[in-house]
Amino acid sequence: MTLQRQILWFLSLSFLLVLLVVFVVEFNTSRDALDRQMETDVQNASTALGLTLSPFLEKEDRGAIDTVLQSIFDAGFYREIRLDWYAKGEVIAKNNSPHIYQVPNWFVKLPLFKPVSQEQVLTSGWLQVANLKVVGNPAVAYQALWRTGIQLGWTLGLLYLAMLLLVWRGVKHLLRPLHAVARQAKRITKRQFGEPIKEPKTRELKALVNAMNEMSTRVRMMFESQDAQISRMRLSTQTDPVSGLANRSHLMSHLSAWLSEAGTGGLMLMEIRWLDNLRKKSGYQARDGIIPELAARLGTLCIKGSRCVAARISHTEFALLSCNGDQQQLADWLQEVFQELQAFSAQMGQSGEELALALVPRGEHQQASALLASADSALHQAWQQTPHCYMPKEELQAPSQQGWRESLTLAIKEKRFGLLRQPAMGVDGDCLHQEWFVCLEMDGKRYPASAFLAFVEQFSLAQALDLAMARRLVQEGLLDPEHLNVLNLSLATVRSPDALLEVVAARHPGLELAFEVSEDIALADPVATRALVARLRKQRIGFGVDHVGRRMESLRYLHDLAPDHIKLDQSLACYEDDNEVGQEVIRALARIGQSLQIKVIATRVEKGEELQQIKSLGVQGYQGYIMPPQAL
């Protein structure tokens with residue numbers, strides 16, 4: 001029971017006891033007053049009747065005596081009037097049964113009033129003529145006392161309810177700082193820090209609120225220091241200090257993650273020799289002052305709908321990775337970057353002949369080192385020709401843009417797409433959830449979603465594909481009834497989720513469902529993502545974030561979204577014993593997840609040795625080709 005309810009119960013019972021005492025006192029006072037009034041009435045009636053009857057008794061006027069008795073009896077509330085007339089040896093009696101209206105029988109049976117009677121001897125001179133007895137009727141007293149009790153009960157009852165309402169509002173107001181402290185404590189457990197609690201006027205509560213505000217400030221500083229430490233660790237080990245771009249080690253991690261799944265795209269290498277000439281002529285500061293501007297230009301050059309990674313791999317060499325794109329898109333991208341660098345060189349007063357670009361499509365490369373070696377060879381080839389721009393032709397041609405458009409449109413319209421599901425396992429061996437993917441078959445070859453994701457975004461088909469996938473899973477009853485089912489969402493669906501939520505609302509009530517968005521989406525539109533999470537919570541649908549740690553930004557968004565689970569980006573798959581820095585980053589992310597009560601799932605786990613390693617890193621689950629996706 002809450003403190004507020006305990007205080008309310010205590011005050012209400014105390015006040016009820018006081019009102020009961022008041023009721024009993026007032027009730028007894030009213031009863032005593034009625035009892036005295038009834039005695040007085042009987043006494044007065046007996047005296048008046050005796051004075052009136054005396055002349056008629058002397059004259060022995062029987063008719064007048066009877067008339068007087070009847071008139072007095074009818075005018076008052078008496079149960080009995082009795083006259084014993086000695087001279088005549090006659091008894092004249094008037095009786096009335098005490099019937100009480102609008103009073104319960106159980107109340108009448110209560111011994112509240114004693115019988116009231118008055119008896120006197122009537123004389124004529126020294127001679128006793130008659131004996132007069134008057135007995136009061138308690139019905140009137142019972143009726144008056146009942147009305148008084150009812151009125152008193154209603155009055156005290158209304159007063160009790162009014163006091164309860166007043167006490168409830170007063171206690172609620174007084175305990176408002178305590179509720180604020182409780183809410184602040186819950187927010188702290190989720191690493192959410194709002195404004196300090198307003199200081200109350202109550203001395204004891206003021207000390208408590210000030211202590212909570214101070215603790216909240218210190219915990220926030222501690223968490224911010226932890227986030228900053230992780231950011232510094234990642235920046236120092238994964239970024240180039242001059243350009244702010246990814247370094248060679250981080251690029252290799254992205255290449256390995258990219259090559260671990262089927263897809264398209266390519267790697268572009270560029271060598272800008274005039275940077276070295278500038279260093280020799282004007283010094284390091286002149287060269288390093290230009291590099292951040294060059295990095296900013298490179299960061300804006302990417303194929304539409306594709307994820308790109310820019311890196312500086314040596315003093316004069318840079319790399320751009322496009323994770324999606326067909327042969328024609330890559331060729332157009334190479335020309336766009338080459339023209340941009342030519343314009344930048346001219347702007348810096350340098351010769352455009354002192355730079356070369358080469359782009360190698362993904363092709364059949366399986367290892368990051370092999371792809372980088374091919375890119376180095378292509379860059380040498382670029383220096384041998386004019387202009388210094390080279391891209392080898394891909395032997396195996398991927399489908400064209402038009403082919404992708406037609407296939408995707410038809411697959412969405414007629415639900416001609418395949419479904420894959422892959423479990424996310426807990427380190428203890430339990431299945432955490434089943435994640436669903438879309439695949440597409442073209443020309444006898446199956447393509448995973450990573451192969452055509454850029455085209456889905458480019459042709460604005462992402463929301464339609466999300467909706468078609470959800471409809472098929474729900475309408476055909478394909479969702480796993482024993483485990484949580486997870487579906488990935490695009491940015492377009494996050495911004496307009498009404499149709500999707502309507503579809504999944506029709507699922508069987510016993511089926512558990514959750515949605516995932518990538519870190520890129522959560523950072524691209526945080527307002528829409530928070531609004532979606534709020535709606536999912538109301539419908540008891542889970543929420544997760546994928547590819548966490550891909551971008552070199554703060555993880556503060558996790559505090560606001562409070563997802564149920566997060567999946568680390570594949571570029572963080574540093575499970576080798578010699579990669580202590582990468583493992584420390586995973587441990588730090590796992591600690592953040594534990595403090596926020598978020599399940600942290602490692603990805604790209606392919607070997608049993610890696611599974612043993614991640615258990616020591618503090619994560620709760622894993623996913624990868626150690627348990628590959630299964631076609632439905």
| request: May I ask you to check whether Ser490 and Asp466 show a side-chain donor-acceptor distance below 3.5 Å? | output: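 A donor-acceptor contact under 3.5 Å links the two side chains.
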| request: For the residue pair Gln623 and Glu435, confirm or rule out a side-chain donor-acceptor distance under 3.5 Å. | output: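 The criterion, which ignores hydrogens and geometry beyond distance, is satisfied for Glu435 and Gln623.
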Which atom pairs, one a donor and one an acceptor, fall under 3.5 Å between side chains of residues 155-163 and the rest of the protein, sequence neighbours left out?
{"residue": "Thr155", "atom": "OG1", "partner": "Gln151", "partner atom": "O", "Å": "2.8"}
{"residue": "Tyr160", "atom": "OH", "partner": "Ser12", "partner atom": "O", "Å": "3.4"}

| field | Asp564 bridged to Lys599 by N-O distance under 4.0 Å | value |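 Salt bridge: no.
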| Working for side-chain contact (heavy atoms from CB on, under 4.5 Å), residues Val545 and Tyr557 | CA-CA 10 Å; Val545 181; Tyr557 71 93; 4.0 Å; yes
Measuring only between side-chain heavy atoms, which start at C-beta, is [X] closer than 4.5 Å to [Y]?
| X | Y | value |
| --- | --- | --- |
| Leu484 | Leu432 | no |
| Val42 | Ser117 | no |
| Asp525 | Leu491 | yes |
| Leu561 | Arg530 | yes |
| Leu536 | Leu501 | yes |
| Gln630 | Leu420 | no |

| side-chain contact (heavy atoms from CB on, under 4.5 Å) involving Glu119 - partner list, sequence neighbours excluded |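 Residues passing side-chain contact (heavy atoms from CB on, under 4.5 Å) with Glu119: Asn131, Lys133.
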| field | Cation-pi, Tyr142 ring and Arg147 (6.0 angstrom, 45 degrees) | value |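 That pair does not qualify as a cation-pi contact.
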Using the side chain to side chain donor-acceptor pair (under 3.5 Å) criterion, which residues pair with [X]? Sequence neighbours excluded.
| X | result |
| --- | --- |
| Asp430 | none |
| Gln43 | none |
| Asn44 | none |

Backbone of [Y] reached by a side-chain donor or acceptor of [X] within 3.5 Å:
| X | Y | answer |
| --- | --- | --- |
| Asp84 | Ala130 | no |
| Arg507 | Val504 | yes |
| Thr603 | Leu568 | yes |
| Asn485 | Glu512 | yes |
| Gln463 | Thr493 | no |
| Arg472 | Glu476 | no |

| request: Test salt bridge (charged side-chain N to carboxylate O under 4.0 Å, His left out) on Arg535 and Asp498 and set out the steps. | output: CA-CA 10 Å; Arg535 296 183 64 178; Asp498 295 339; 2.6 Å; yes
| said: Between Val619 and Ile601, is the side-chain contact (heavy atoms from CB on, under 4.5 Å) condition met? List the steps. | reply: CA-CA 6 Å; Val619 299; Ile601 300 175; over 6 Å; no
| message | Strictly by salt bridge (charged side-chain N to carboxylate O under 4.0 Å, His left out), give each pair with a member in residues 33-57 just once, sequence neighbours left out. | response |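 Qualifying pairs, neighbours excluded: none.
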| task | Assess whether atom CD of Glu502 is packed by more than 12 heavy atoms of other residues, nucleotides or ligands within 6.0 Å. | result |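 No, the 6.0 Å shell around CD holds no more than 12 heavy atoms from other groups.
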| query | Given Val438 and Leu465, is the side-chain contact (heavy atoms from CB on, under 4.5 Å) satisfied, shown in steps? | reply | CA-CA 9 Å; Val438 173; Leu465 183 59; 4.3 Å; yes
| field | side chain to side chain donor-acceptor pair (under 3.5 Å), paired with Lys567, selected from His547, Glu516, Glu519 | value |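 In the set His547, Glu516, Glu519, the residue that makes a side chain to side chain donor-acceptor pair (under 3.5 Å) with Lys567 is Glu516.
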